[in-house]
Amino acid sequence: MTIIDIITKKKNKEELTYEEIKYAVDGYLDGSIKDYQMSSLLMAITINGMTNKETFDLTEIMLNSGEKIDLEDIQPVVDKHSTGGVGDKTTLILAPLVASCGVNVAKMSGRGLGFTGGTIDKLESIPGFNTSIDIDKFKEQVKNINVAIVGQMGNLVPADKKIYALRDVTGTVESIPLIASSIMSKKLASGASTIVIDVKVGNGALMKTESDAKALANLLVKIGQQHNKKVVCFITDMDEPLGYAIGNSLEVLESINTLIGKGPKDLTNLVINLATYMVSLGKNIKLEEAYKEVTENLYNGKAYKKFQELVKNQNGKLNNIKISKKIISIKSQKEGYIKHINALSLGEIARILGAGRLNKEDKIDFEVGIVLNKKVGDKIKKGEELLKLYINEKEVEEEKILDCFTITKEKQNPTKLIKTIIN
Ligand code: URA
């Protein structure tokens, strides 16, 4: 077997065997297969796709390339994943909310690249919050208070780490089987028994069309079934940012508001729906029963109390969250209704202000970002505020910000956030 035979086979649209995929993945990991050879294979896969069997095999091979977290002694554990989007702070709300219903959430999250930070960056904008506790302490905390959120630990799925870095610079990120095996190998290695996945679709997301998002969701569910894990996928809109806040500290503050029942409608609605499935599956109760418990805890203070407990257990100081005092109000130059808000461009603006990274080693400015004053469907007058910029060192031209908004004379409906649920 040679890598050239394997590339040629995929180029000719033939199905690869388990052994051929393993040869390519293991060879790339040990350095015997070079970047240019793996890039060529990844491009052939991106163009010609993979059968379900190939995708299942690739997931298993990547899963077995490194360590796995053993959570057997604290099962059932539910996990949540989002394919990522602008203003997506759901984990910060969801984890304590679900835990407040007595369901274990042992969450490993990442840092962000692009837009704003990832969940771990957002949590680190809470002064003192420790995101790197060891595995024993992590499990102990879940046993004691039902929830812990930490950064990546252990050498989980090294094959994905190396292959993803290559995909990022070779135009091979958007392949559905490659995305599905990448997400699921990491989720399976993290040890949860139930996984709820928020597949974002739209201009600010990896999946640009609903049919691609559905194809990805179906594949994620099927891979879960192969491994006896219950996977539920939500397909949700990412054409406009989620909630109003974009930027690390600002998103933590919006999450706190949501945890006391005073959050934005779209964010609150999404969190309640995701939590309902997580609690229903985690406790093996009906959706209606789970929904009742989730909404009660969001409005009776229990979810926020659990968040305070989580922060305290990980050494964070909630009364010391800093946001920039330099605030610029951007006003509309038109009257009408908001038809579209370009999530991708606003995410890019937040990144330029310092809220995200372009390179892994860039330092994030937790204090900066954007708070919208309007969402799709809202009416706006000329001179009325569209958003506030929280800035420190970097600035962005006003025109670039105004270009993110499409305003029309015709009335617009608010965006339908949850499009489909697949399980
Ligand atoms: N997220 C992942 O973890 N992997 C992908 O391939 C894409 C998004």
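When a residue number appears, it is its place in the shown sequence, counting from 1. Values in this document were obtained by computation on a predicted structure and should not be read as measured data. Order of listing sets the numbers, starting from 1, for every ligand and every atom in it.
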Problem set entry | Under 4.0 Å from ligand 1, counting heavy atoms only: the protein residues, by chain and number | Tyr164, Arg167, Ile179, Ser182, Ile183, Lys186, Leu206
Seminar exercise, completed: salt bridge (Lys or Arg N to Asp or Glu O under 4.0 Å) pairs touching residues 25-38, sequence neighbours excluded, are Lys22-Asp26
Problem set entry | Verdict with reasoning, Val221 to Cys233, per side-chain contact (heavy atoms from CB on, under 4.5 Å) | CA-CA 7 Å; Val221 170; Cys233 288; 4.1 Å; yes
Problem set entry | Any side-chain donor near an acceptor of the partner, Ser324 and Asn392, under 3.5 Å | yes
For this session: Could you tell me whether Glu289 and Lys283 have a side-chain N and a carboxylate O separated by less than 4.0 Å?
Result: no
Problem set entry | Partner residues of Lys139 under the side-chain hydrogen bond (donor to acceptor under 3.5 Å, both in side chains) criterion, sequence neighbours left out | Asp73
Seminar exercise, completed: With sequence neighbours left out, the residues meeting side-chain hydrogen bond (donor to acceptor under 3.5 Å, both in side chains) with Lys302 are none
